[in-house]
Every structure is written in C-alpha cells, then in structure tokens.
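Along the sequence shown, the residues carry numbers beginning at 1. Quick note: numbers below take in every heavy atom, side chains included, and nothing from hydrogens, waters or symmetry partners. Treat the numbers as computed from the prediction; the structure is a model and nothing was measured.
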Amino acid sequence: MTRIRRGYIARRRRTKIRLFASTFRGAHSRLTRTITQQKIRALVSAHRDRGRQKRDFRRLWITRINAVIRDNRVSYSYSRLIHDLYKRQLLLNRKILAQIAISNRNCLSIISNEIIK
C-alpha cells in the first residue's frame, strides 16, 4: 500500500499553539503535548487572577484611605467615613478617594470634616 501524505491542518493547529507558547521556557515551548498543558494552565491562571487583581486593588485603596484618615489625628475610621459618605449620598468610589488621599491629603481631611458636621 502506498503512503498517504497528511494534510496541513494538524501542522497549522500545532503552529498556532506554538505561537502562544513562544515565550515559555524549555519543553514548555517545544513539545506539543506540554505546550497544550501549559496553555490550559496559563489561561486558568489568567482567568483566576483577573478577579484577584480587582480584589487586591480594592484592598490597596481601602488601606490608603484608612491610613490618611487616621493620620489626621481625628479618631475617625475608614468604616465611619464610608458610612457617612453613603448617608450624605456623596458618590465617591474608593479609587477616587485613594487618589485624593495620595495627591492631596488636605482635600480628603476637608471632605471628612464636612461629612462630620
């Protein structure tokens, strides 16, 4: 029986996978089976860490706001600040408050003092 040459579809699929893994090291960028395993692992990690990134940034903003609020020596905490913001219906999210806290501490203390009154 004569030999039948295979088509290009499988080679094209493997090439596409290799382009994804071109920055990996060692066998993870050379062997097809290992490349597919590492691709699955990389995509799982990326999906998981997108949620974790949001969580981490929110924690960072809360920490920054709390540090500046407590630094003003006004026995005032982060939780009371956020509660009073909601009571006054001021629409400032934590990201904006953290940017204000970093760039202009006096502005955040003015905001907190106005809320208290």
Side-chain angles (χ1 to χ4, degrees):
M1 187 180 262
T2 58
R3 178 179 174 272
I4 298 172
R5 292 172 54 190
R6 294 295 306 259
Y8 61 93
I9 295 170
R11 185 171 61 246
R12 192 169 56 184
R13 186 184 68 238
R14 289 187 201 111
T15 308
K16 195 162 48 174
I17 294 172
R18 280 202 175 91
L19 287 175
F20 180 85
S22 62
T23 57
F24 296 170
R25 295 180 65 183
H28 298 303
S29 67
R30 292 189 188 91
L31 304 179
T32 304
R33 190 176 295 174
T34 317
I35 287 173
T36 54
Q37 292 171 355
Q38 289 302 307
K39 179 182 178 183
I40 292 169
R41 187 183 177 112
L43 293 175
V44 166
S45 297
H47 180 262
R48 180 194 63 228
D49 292 339
R50 278 195 295 274
R52 186 164 290 171
Q53 183 184 30
K54 295 176 182 69
R55 202 177 317 152
D56 290 341
F57 270 111
R58 187 178 170 100
R59 283 179 63 190
L60 176 68
W61 298 331
I62 289 171
T63 306
R64 286 177 175 169
I65 295 167
N66 197 16
V68 171
I69 287 297
R70 289 177 187 269
D71 194 37
N72 290 335
R73 294 176 178 82
V74 180
S75 66
Y76 202 63
S77 66
Y78 164 80
S79 60
R80 287 201 42 207
L81 173 74
I82 296 297
H83 177 70
D84 291 342
L85 279 173
Y86 276 107
K87 268 200 317 196
R88 296 283 179 114
Q89 294 181 343
L90 293 173
L91 299 174
L92 291 173
N93 60 9
R94 288 158 182 82
K95 181 179 179 180
I96 299 299
L97 284 172
Q99 287 177 348
I100 291 171
I102 291 172
S103 63
N104 194 355
R105 290 179 173 219
N106 296 333
C107 184
L108 189 64
S109 63
I110 291 170
I111 291 171
S112 63
N113 290 336
E114 287 297 320
I115 291 173
I116 293 172
K117 293 178 183 176

Without placing hydrogens or testing angles, list every side-chain donor-acceptor pair under 3.5 Å for residues 49-65, not counting sequence neighbours.
| from | atom 1 | to | atom 2 | distance (Å) |
| --- | --- | --- | --- | --- |
| Lys54 | NZ | Arg50 | O | 3.3 |
| Thr63 | OG1 | Arg59 | O | 2.8 |

Check your understanding: Would you find more than 12 non-hydrogen atoms of other residues, nucleotides or ligands less than 6.0 Å from Arg88 atom CZ?
Key -> yes
Check your understanding: Mind checking whether Leu97 and Val68 have side chains closer than 4.5 Å, heavy atoms only?
Key -> no
Review point. Minimum heavy-atom separation for Ser112 to Ser109, with atom names?
Key: OG-O, 2.8 Å
Report all side-chain donor-acceptor pairs from residues 28-36 shorter than 3.5 Å, counting only partners two or more places apart or in another chain.
| from | atom 1 | to | atom 2 | distance (Å) |
| --- | --- | --- | --- | --- |
| Ser29 | OG | Phe24 | O | 3.4 |
| Ser29 | OG | Gly26 | O | 3.1 |
| Arg30 | NH1 | Gly26 | O | 3.1 |
| Thr32 | OG1 | Arg18 | NH2 | 3.1 |
| Thr36 | OG1 | Thr32 | O | 3.4 |
| Thr36 | OG1 | Arg33 | O | 2.7 |

Point to revise | Where at least one partner belongs to residues 93-106, residue pairs that pass salt bridge (charged side-chain N to carboxylate O under 4.0 Å, His left out), sequence neighbours excluded | key: Asp71-Arg105
Check your understanding: Would Ile82 and Leu90 show up in the same hydrophobic cluster when neighbours are defined by side-chain heavy atoms closer than 4.5 Å?
Key -> yes
Point to revise | Side chains of Arg14 and Ile17 in contact at under 4.5 Å (non-hydrogen atoms) | key: no
Exercise for review: Please answer: with hydrophobic residues joined when any side-chain heavy atoms are less than 4.5 Å apart, are Leu92 and Tyr78 in the same cluster?
Suggested key: yes
**Study point:** Heavy-atom check, side chain of Lys16 versus side chain of Leu19, under 4.5 Å
**Key:** no
Study note, to complete from the structure: Value for CD1 (Ile111) from CG (Leu81), rounded to nearest 0.5 Å, stands at 8.5 Å
Check your understanding: Is the number of heavy atoms from other residues, nucleotides or ligands within 6.0 Å of CZ (Arg6) greater than 12?
Key -> no
